[in-house]
Amino acid sequence: MKLDDVSTDLEEVLLTEPQIHDRIAELAREIERDYADEPPLLVGVLKGAVMVMSDLARELSIPVEMDWMAVSSYGSGTQSSGVVRILKDLDTDLNGRRVLIVEDIIDSGLTLSWLHANLQSRGAKSVEILALLRKPDAAKVAVDVRYVGFEIPNKFVVGYGLDYAERYRNLRGVGVLAPHVYA
Ligand code: PRP
């Protein structure tokens, strides 16, 4: 789905498909350098990270493994609740592994702060974080993020994996949702 296909639902376009593609390629070059000695296990956080995981993994020229977790923090509203639940756990033993968490967005930081500690406690050799988007103005806890795609304003954004009530995940770009959609 293109940004133009839902233009009346968007207040503003934040990121186009080529902008996202180019930034993911830049991050992939950094990851290739940082993990040249030992390929990482990419841990994607469902469902939002599906697009960034898919594009990042294919962009990388080093072998990676992929696994997935599903955690819940939002429900279908527009604000983080701070409550994190594991809905689906990893299949992989993390003991001694270099783990790279792949996320679509850091909003309050509560999800990733919790997830980072959780994965570290499983005996991983290292746990780093990649987030395509970060909202600095929404941070409630500090999270040490190694790779950030874009810093964005504290607005309700959808697209490229990010949803509102499960819609807009398949949008190729990222936009600010118009208030009339969720009012
Ligand atoms: C979103 C996003 C992060 C989290 C970020 O997931 O994918 O996991 O919220 O918010 P935080 O920094 O305030 O914790 P969501 O719970 O909406 O699930 P989804 O990926 O399935 O849409």
Side-chain angles (χ1 to χ4, degrees), residues 1 3 6 9-11 14-15 17 20 23-24 27 40-57 66-92 94 99-122 124 127-179 181-183:
M1 198 161 71
L3 290 160
V6 289
D9 291 357
L10 301 178
E11 189 176 80
L14 280 188
L15 299 168
E17 186 178 15
I20 295 170
R23 185 68 185 124
I24 285 178
L27 294 175
L41 170 71
L42 304 183
V43 170
V45 186
L46 296 167
K47 301 172 190 171
V50 165
M51 303 300 174
V52 60
M53 177 74 128
S54 169
D55 284 344
L56 175 70
M66 285 177 268
D67 202 347
W68 300 90
M69 278 184 86
V71 299
S72 173
S73 66
Y74 266 25
S76 60
T78 61
Q79 293 294 314
S80 298
S81 66
V83 177
V84 178
R85 286 187 298 144
I86 294 182
L87 306 178
K88 181 222 170 289
D89 208 342
L90 298 171
D91 299 323
T92 313
L94 299 190
V99 175
L100 178 57
I101 301 172
V102 177
E103 258 288 24
D104 51 342
I105 189 166
I106 303 183
D107 199 322
S108 68
L110 292 165
T111 305
L112 274 171
S113 171
W114 180 88
L115 197 57
H116 185 273
N118 182 282
L119 300 192
Q120 194 80 68
S121 75
R122 302 184 194 195
V127 181
E128 303 289 353
I129 297 170
L130 177 148
L132 182 71
L133 309 173
R134 179 164 64 182
K135 291 179 176 174
D137 297 342
K140 290 183 180 158
V141 289
V143 183
D144 187 12
V145 186
R146 178 103 171 235
Y147 311 96
V148 179
F150 303 92
E151 302 222 316
I152 61 168
N154 190 13
K155 295 180 174 175
F156 193 73
V157 293
V158 294
Y160 199 73
L162 289 149
D163 74 310
Y164 169 62
E166 297 303 325
R167 292 172 61 203
Y168 308 102
R169 289 195 200 274
N170 63 321
L171 193 54
R172 289 165 178 256
V174 173
V176 177
L177 196 61
V181 178
Y182 56 86

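Counting starts at 1 for both ligands and their atoms, following the listed order.
- Residue-level proximity to ligand 1 for Lys140 is absent, since no heavy atom of it falls below 4.0 angstrom.
- For ligand 1, the polar-atom distance check against Gly161 finds no nitrogen or oxygen pair separated by under 3.5 Å.
- Note on ligand 1: Ile105 sits in its first shell, one or more heavy atoms being nearer than 4.0 Å.
- Looking at Ser108 next to ligand 1, an N or O pair under 3.5 Å apart turns up.
- The two residues Val143 and Arg134 have their closest heavy-atom pair at O-NH1, 4.4 Å.
- Numbered from 1 in the order shown, with element, the atoms of ligand 1 that lie under 4.0 Å from a heavy atom of Ile106 read 12 (O).
- Here Asp163 has side-chain heavy atoms under 4.0 Å from ligand 1, and that is the only part of it that gets that close.
- The shortest heavy-atom contact between Ile106 and Ala131 is CG1-CB, 3.6 Å.
- Looking at Gly109 next to ligand 1, an N or O pair under 3.5 Å apart turns up.
- Going from atom CH2 of Trp114 over to atom CZ of Arg85 covers 11.0 Å, rounded to the nearest 0.5 Å.
- Within the model, atoms CG of Leu130 and CE of Met53 stand 10.0 Å from one another, a figure rounded to the nearest 0.5 Å.
- Applying the 4.0 Å criterion to heavy atoms of Asp104 picks out, from ligand 1, the atoms 2 (C), 7 (O).
- For residues 45-56, the pairs satisfying salt bridge (charged side-chain N to carboxylate O under 4.0 Å, His left out) are Lys47-Glu166, Asp55-Arg58, with sequence neighbours left out.
- Minimum interatomic distance between Ser113 and Val141 (heavy atoms only, all atoms of both residues): CB-CG2, 3.8 Å.
- At a heavy-atom distance under 4.0 Å, only side-chain atoms of Arg169, from C-beta outward, approach ligand 1.
- Annotation: side-chain hydrogen bond (donor to acceptor under 3.5 Å, both in side chains) contacts of Glu11 (sequence neighbours excluded): none.
- Near Leu46, with a cut-off below 4.0 Å to any heavy atom, the atoms of ligand 1 are 20 (O), 21 (O).
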